[in-house]
Amino acid sequence: MSYFIDVILPIPLDKEFTYSITENEAIFLKPGMRVAVQFGKSKIYAALVTKIHRDPPQVYEAKEIEHILDESPIVTKEQLELWTWISKYYMCTKGEVMRAALPSAFLLESETIILRNDKISIDESLLKDDEFLIYEALQYQSLLRIQEVINIVSKKNVLPVIKRLIEKDIITVQEEIYEQYKPKMVRYVKLHPNYSKEAALRPLLDSMTRAPKQREVLMQLFTLQAKATKPIKVSELIKQSNSTSAVIKTLIDKEILDEYHLQIDRVQFQGEIQDNFKTLNEYQLKAFDEINRSFQQKRVCLLHGVTSSGKTEVYVKLIEEVLVTGRQVLYLLPEIALTTQLISRLQEYFGEKLTVYHSKYSVNERVEAWNNVKEGKSKAQVVIGARSAIFLPFVDLGLIIVDEEHESSFKQYDPAPRYHARDTAIVLAKMFEAKIVLGSATPAVETYYNAKEGKYGLVTLNRRYGNVLMPEINLVDIKTKYRKKQMTGHFSDTLLEGINDAIKEGEQVILFQNRRGYSPVVECNTCGHSPQCPNCDVSLTFHSHKNQLRCHYCGYHMAMLQQCMACSSTELSTKGFGTEQIEKELIALFPEYVVGRMDQDTTRGKYGYEKIINRFEQGEIDILVGTQMLSKGLDFRNVSLVGVMNADNLLNFPDFRAHERSFQLMQQVAGRAGRTKKRGRVLIQTYNPFHQILQQVSVHDYTGMYKDQIEERHQYKYPPFYRLIKITGKHKDYNKVNNAINWFAKSLRNVFNENVLGPEFPPISRIRNQYHKNILIKIPQGQSLAKTKGVIKKMQLTFSSIKEFSGVRIIINVDNY
Ligand code: ADP
Ligand code: ZN
Ligand code: ZN
């Protein structure tokens, strides 16, 4: 009798693979467990079992598995179902989904270990120095890892010496699999059972008069025990008794103390839970009721609430309702790093019940969160996370909140799976019969369309909490200002006055500029040449602080030029401006104010964002200059003025969503102003004050913007009326990618006719020395999505069999916008 399993391997291959197992293994194994299998020549992977069956594969002989890695499934049935959906919908492999979904600790790969060969005797004098060192080390330990060998011989490239030792039969090598996850154990102590009786304790204490240090430790142990019935950590005892670990060790050796270990979670909530839940005002309450009513008919509900209307409080009430039923809640956010404020707010409400799932956490921390969710533990009943949190092993999901649902960071662009977390969350909710709220002040046009069409419920909240007025938005025509010489650097007199007034009142200012660095273009006054990145087709950006030219696409950098590379002229000028230049101008204009900057260059490191946000919150910074990071839901209490330095470069972006995105961005940044009591002010500097979008921004006219955009989308055949799939070819050889993609486009056009756009090179056609060329496929409403994808897949198969195109990478992006 033979038994088989089908497995997913964490590699980009389309199929699942079949391995053979024994009858006992067949009884033990369940879908969702991992097994170690060999694939390729010697590499060993952790593969995920999807099916146990008795059908041998047709075209190859099934290999045996190496061994079983799990006691019970680590992946649930629902997860496997979701992976299948993602791989079909977004046209990628299940292996790619698996790679994105599992914490990397579960994706173990093999490691080479080196063992000594006991079977032969060796003449040590024949060994070279480095060979001897390894040989000697193996006399003391039974195996060595590559890293240890590197340390022993103190050089990086150790493969030659290992090879020589293998040839001389001194060592053998083997692939070993290792698990990255190790539970964190904490050392605790208690009184040894020998002394559990009062009678034994007294003579002990008497006998210790000559060991005062040990006695002190013991006394402290009693004090701690009396305070609470918690286990006592060794570290805590050392601290309380002012002792050392040596003293504790002596006590353990003497069997006066007994040591034990407990497994703990690495991330634990430290603060106090505050049960002062806020009471909803009448508008929030109405929204809350309407959402619940909408849930009776529809799974998805859009909460369209203006900035600072208190959407978070409405979510909190919805979450509370679900928590009492015992079901789980997923709270999705666009970016964790920028939302520390929101997380601490939620932590105050939900305390121990809240788990944060964060890509910046260590692998171990993520495995713990994973396990807690899978076991339905109460400490993970509410999970808050960015897009990858949709991959957690929920067991009984009752509610999903997608906060700031319009944010583009919910979409993963690279690598595959190129999924949209909001759309995937809707599928996930359906699997669990759960409800889902999409919340935003500026919903994505498609989402609003779905709500208007009745597919989703629609609830609006158009008053700010505390009846604060929406900020007053004024457009400043800088064309006129320049003509009338009312500009100082990049600041209009209006903006300068505004800044001065605000700070004199003891308030703070936010200034938005969507480019970082000092100035994007350096140009020679004599010949017009501007320095380009050698790897990408873009100009280098000048960063004055480091006096460097940097590429924002690949990170290439060089020292700022003294003279033009083309004509050696020393007259170089800079064009355009970034956050760094604004910061510098501000410092010169207002030497007495403190200026801070928030962009990718100033927020590196695990707590980069938090530091700046905290300083601004604490009032240490008067004026904060930053990029779009500033638009992401920050809640500052004391900001009365927001300035947009230049609205035009947002609007001129070549993309069908440029206008929608500009509106969203400006509304969101504007929403940072005047969140308490006093009405906030927003000044937008522009060359085109009559631009339709700016007019709509200035009167907070979301529906006006929506009407225009949806009409354009209808007319020009864009989503939600047409679906889009983008195909990109990449290769370092321009001609190769050009020919390959032209062929692909032609084949597609044979089937889909005028609904194939391109092929064309994007504005930046070379990044990191790779040329890109794109094709866009538009899919009208009547056309089957599945069939369309089937055609593309087939074409891709033919493509990969054409020899002259080999090496051209094809990237398929479904819903690429
Ligand atoms: P939004 O997410 O809609 O922009 P927030 O949820 O951040 O708005 O709320 C804006 C501010 O108003 C926050 O500081 C919040 O604490 C406060 N707030 C909202 N609702 C209430 C309430 N019912 N009681 C007290 N404060 C509230
Ligand atoms: Zn020049
Ligand atoms: Zn570059």
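Both ligands and their constituent atoms are indexed starting at 1 by order of listing. In this text the structure is predicted, and so the values were computed from the model without any measurement. Computed over heavy atoms, backbone and side chain alike; hydrogens, waters and symmetry mates excluded.
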Exercise for review: Run the numbers on His552 and His543 for ring pair (Phe, Tyr, Trp, His ring centres under 6.0 Å), then give the verdict.
Suggested key: CA-CA 11 Å; His552 289 179; His543 285 239; 5.3 Å; yes
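Here is the list of ligand 1 atoms found below 4.0 Å of a heavy atom in Arg675: 4 (O), 7 (O), 8 (O), 10 (C). Short contacts between ligand 1 and Val306, defined as distances under 4.0 Å to a heavy atom of the residue, involve ligand atoms 3 (O). Every atom of ligand 1 is numbered from 1 in the order shown, and the set under 4.0 Å from a heavy atom of Leu280 is 23 (N). Near Thr312, meaning under 4.0 Å from any of its heavy atoms, are these atoms of ligand 1: 2 (O), 5 (P), 6 (O), 7 (O). When each atom of ligand 1 is checked for a heavy atom of Thr279 under 4.0 Å away, the hits are 22 (C), 23 (N), 24 (N). Each of the atoms 1 (P), 3 (O), 4 (O), 8 (O), 10 (C) of ligand 1 lies under 4.0 Å from some heavy atom of Ser308.
Side chains of Met565 and His529 form a contact here, defined as non-hydrogen atoms less than 4.5 Å apart.
Panel note: side chain Ser765, backbone Phe761; no donor-acceptor pair is recorded below 3.5 Å. When atom types are taken as modelled, the side chain of Asn638 and the backbone of Gly506 share a donor-acceptor pair closer than 3.5 angstrom.
Heavy-atom separations between Gly305 and ligand 1 are all 4.0 Å or longer. Residue contact annotation: Leu342 has no non-hydrogen atom under 4.0 Å from ligand 1. At a 4.0 Å cut-off, at least one heavy atom of Arg637 sits close enough to ligand 1 to count as contact.
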Please tabulate, for side-chain N and O atoms in residues 611-624, each donor-acceptor pair with protein atoms closer than 3.5 Å (sequence neighbours left out).
{"residue": "Asn614", "atom": "ND2", "partner": "Glu610", "partner atom": "O", "Å": "3.4"}
{"residue": "Arg615", "atom": "NE", "partner": "Glu620", "partner atom": "OE1", "Å": "3.4"}
{"residue": "Glu617", "atom": "OE2", "partner": "Gln341", "partner atom": "NE2", "Å": "2.6"}
{"residue": "Asp622", "atom": "OD2", "partner": "Val594", "partner atom": "N", "Å": "2.8"}

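Expressed to the nearest 10°, the angle at the Zn ion (ligand 3) joining SG in Cys536 with SG in Cys551 is 110°. Seen from the Zn ion (ligand 3), atom SG of Cys533 and atom SG of Cys554 lie 100° apart in angle, a value rounded to 10°. Geometry note: the Zn ion (ligand 2) is the vertex, Cys567 SG and Cys527 SG are the arms, and the angle is 110° (rounded to 10 degrees).
Checking His552 against the Zn ion (ligand 3), every N/O/S atom stays at or beyond the 2.8 Å cut-off. Note on His529: not counted as a metal contact of the Zn ion (ligand 2), no N/O/S atom lying under 2.8 Å.
The part of Asp635 lying near ligand 1 is the side chain, judged by heavy-atom distances below 4.0 Å. No part of Leu461 comes within 4.0 Å of ligand 1, judged by heavy-atom distances.
With no hydrogens or angles considered, no side-chain donor-acceptor pair links Gln770 and Arg768 at under 3.5 Å. A side-chain donor-acceptor contact under 3.5 Å links Lys411 and Asn813. Side-chain atoms of Glu523 and Thr574 include no donor-acceptor pair closer than 3.5 Å. Side-chain contact of Gln709 with Tyr448: a donor-acceptor pair under 3.5 Å is absent, judged by distance alone.
From Ser309, atom OG reaches atom CE of Met470 across 8.5 Å, with rounding to the nearest 0.5 Å.
With respect to Thr442, the side-chain hydrogen bond (donor to acceptor under 3.5 Å, both in side chains) criterion is satisfied by exactly one of Gln668, Glu660, His700, Gln664: Gln668.
Proximity annotation for atom 5 (P) of ligand 1: of Glu313, Arg345, Lys278, Arg345 comes nearest, heavy atoms only.
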